[in-house]
Protein chains: 2
Amino acid sequence: MTHARYDCNEGCPVEAALEVIGGKWKGIVLYHLLSETIRFNELRRLIPEVTQRMLTKQLRELEADKLILRKVYPEVPPKVEYSMSEYGKTLAPVIHALKDWGTKHKQKQKA
Amino acid sequence: MTHARYDCNEGCPVEAALEVIGGKWKGIVLYHLLSETIRFNELRRLIPEVTQRMLTKQLRELEADKLILRKVYPEVPPKVEYSMSEYGKTLAPVIHALKDWGTKHKQKQKA
DNA sequence: TTATATAGTATCCTTTTGTATACCATTAGT
DNA sequence: ACTAATGGTATACAAAAGGATACTATATAA
């Protein structure tokens, strides 16, 4: 998702937000991280469909946008924990609004 | 945006919602339609960066997802009006959450 | 007669996104 | 000596999304 036009009009904040959370797995990742700190491979188990490469990519992008924190423990085997930043936590209402609507939407689709 | 995995886990409703509103121009389009019924070329003027082809595509997808209504007037020159469906209106809280966060996010980026 | 406005299609191309697969270092366990 | 677990990276490829441009029909206005 690439929407770089911030200089258009009133509706653009919507696009600005979607640009940040619209990556293929970002929604689920943020959703999980909103409830707890999670290690890399734990995330993979929570989201079995995602490939390692994609998960890494999405996490890096979220980190670059300052939404999540990445903490590396100098251990062997490696240990890396991901958590929401304070800034990222401001997304909570958005994620919950998406989740609520998505839940109803899925039900409607089945019916 | 293509996230077709609905059968994964708890976080998926978030992705289900993003799948529906995550197209490049869908956010702005929905935002505008939430406040009024708009003709095709009016939308183009509201969103000058979008090409005709992309606008048509996004509108068709939104229509296929039952979020918007398309009303054609049998006139020449053509007149086509787009408006939110009742179902689409249930997206209002989501769009507003996105807009509120996006507004703050843009301010933060500038600072 | 020519231009303008409407709401689009059709075709081709580029960019972005996502997948598959193999590979790496280190340590603990068997 | 071999295996598994950790959290990745590198390379190659396929698919999806988006963009640029040209084209259409019809009626009205200049």
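Chain naming here is simple, since letters A, B, ... match the order of the sequence lines and numbering starts at 1 in each.
Distance Glu19(A) CD to dA17(D) P: 17 Å, rounded to the nearest Å. As rounded to whole Å, 14 Å separates atom C1' of dG8(C) from atom CG of Leu43(B). For the pair Leu18(B) CG and dA16(D) C1', the computed distance is 17 Å after rounding to whole Å. When rounded to the nearest whole Å, the span between CD of Glu15(A) and P of dA17(D) equals 15 Å. One can place NZ of Lys24(A) at 9 Å from P of dA16(D), the figure rounded to the nearest angstrom. If you measure from atom CG of Leu46(B) to atom C1' of dA7(C), you get 16 Å, rounded to the nearest angstrom. Between Glu49(A) atom CD and dA20(C) atom C1' the separation is 16 Å, expressed in whole Å. Ile47(B) has its CD1 atom 16 Å from the C1' atom of dA7(C), to the nearest Å.
Within 6.0 Å of NZ on Lys71(A) lie no more than 12 heavy atoms contributed by other residues, nucleotides or ligands.
Applying the side chain to side chain contact (heavy atoms under 4.5 Å, CB included) rule to Leu69(B) yields the partners Ser83(B), Ser85(B); only residues at least two apart in sequence or on another chain are considered. Annotation: side chain to side chain contact (heavy atoms under 4.5 Å, CB included) contacts of Leu67(A) (sequence neighbours excluded): Val20(A), Leu62(A), Asp65(A), Tyr87(A), Leu91(A), Trp101(B). Take Val80(B) and apply the side chain to side chain contact (heavy atoms under 4.5 Å, CB included) test, not counting sequence neighbours, and it matches Arg70(B), Val72(B), Tyr82(B). Glu75(B) is linked by a salt bridge (charged side-chain N to carboxylate O under 4.0 Å, His left out) to nothing, counting only residues two or more places apart in sequence or in another chain. Scored by the side-chain hydrogen bond (donor to acceptor under 3.5 Å, both in side chains) test, Lys89(B) finds Glu86(B) as partners (sequence neighbours excluded). Partners of Lys104(B) according to the salt bridge (charged side-chain N to carboxylate O under 4.0 Å, His left out) rule, which considers only residues two or more places apart in sequence or in another chain, do not exist here.
A donor atom on one side chain and an acceptor atom on the other are found under 3.5 Å apart for Gln109(B) and His105(B).
Taking every heavy atom of residues 65-83 of chain B and every atom of DNA chain C, pairs under 4.0 Å involve Arg70(B), Pro77(B), Pro78(B), Lys79(B), Val80(B), Tyr82(B), by number. Of the residues in residues 51-61 of chain A, those placing a heavy atom less than 4.0 Å from an atom of DNA chain D are Gln52(A), Arg53(A), Thr56(A), Arg60(A), in numerical order.
The phosphate of dT6(C) has OP1 or OP2 within less than 4.0 Å of a side-chain N or O from Arg45(B).
The salt bridge (charged side-chain N to carboxylate O under 4.0 Å, His left out) contacts involving residues 51-63 of chain B comprise Lys26(B)-Glu61(B), where partners must be two or more places apart or lie in separate chains.
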